[in-house]
Amino acid sequence: MHIISTTDLEVKVVPRQFPTGDLTVKITNEETKSASTITVTTYTKTDNDITFDLTGTFKEAEFSTFRVLEGSTELYRGKIFCTDQTDYTKYSTIENAYTEKESSTNGYLFR
């Protein structure tokens, strides 16, 4: 999963093969199912990865899936989470979301 902020939209991916031309990035918001397409003409190749900037509007606490394509060839598929929090090691998307409930018909605890 790639974590971006609403201001820093840089993404670094390890593609299946290195591109030689322009890239197309298809982004789908997981909640609204709205899709957008971005053409990336400027990217940086390093040892095993490519780095590029996304354009568009991402909202705080938003999950999206994205596909990087060169023509019809899929180079990468991944997930994006947008947050403005800077301490990523302490961030949890499911904090306080789980509550344990006891239900038992024969002495077993179901969770």
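Note that the numbering runs from 1 along the sequence shown for the chain.
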Steps toward side chain to side chain contact (heavy atoms under 4.5 Å, CB included) verdict (Thr65, Glu30): CA-CA 7 Å; Thr65 57; Glu30 289 190 345; 3.1 Å; yes

Test item: Lys45 and Phe18 side chains (from C-beta on) under 4.5 Å apart, heavy atoms: yes

Give every donor-acceptor pair under 3.5 Å between a side-chain atom in residues 46-55 and any protein atom, sequence neighbours left out.
unit_1 : atom_1 : unit_2 : atom_2 : d
Thr46  : OG1    : Asp49  : O      : 3.4
Thr46  : OG1    : Asp49  : OD1    : 2.1

Closest non-hydrogen atom pair between Tyr43 and Gly21, with its separation: OH-O, 2.7 Å

Non-hydrogen side-chain atoms of Thr37 and Thr24 separated by less than 4.5 Å: yes

Check: Thr41/Asp22 side-chain N/O donor and acceptor closer than 3.5 Å: no

pair His2-Lys12: side-chain heavy atoms closer than 4.5 Å: no

Atom pair OH (Tyr76) and CZ (Arg67), whose distance is rounded to the nearest 0.5 Å: 13.5 Å

Side chain Lys59, main chain Thr6, donor-acceptor under 3.5 Å: no

Aromatic ring pairing Phe63/Phe81, orientation class (parallel under 30°, perpendicular over 60°, tilted between): tilted

Side chain proximity check, Ile4 to Val11, heavy atoms < 4.5 angstrom: yes

Any Leu23 side-chain heavy atom under 4.5 Å of Leu75 side chain: yes

Distance-only donor-acceptor check, side chains Thr83 and Glu60, under 3.5 Å: yes

Set of side chain to side chain donor-acceptor pair (under 3.5 Å) partners for Thr20, sequence neighbours left out: Glu70

pair Leu69-Lys26: side-chain heavy atoms closer than 4.5 Å: yes

Cys82 side, atom SG; Ile3 side, atom CD1 - distance, nearest 0.5 Å: 10.5 Å

Side chains of Ser34 and Thr28 in contact at under 4.5 Å (non-hydrogen atoms): no

Any residue meeting side chain to side chain contact (heavy atoms under 4.5 Å, CB included) with Glu31, in chain and number order, not counting sequence neighbours: Asn29

Pairwise side-chain contact, Ile38 with Ile27, heavy-atom cut-off 4.5 Å (strictly under): yes

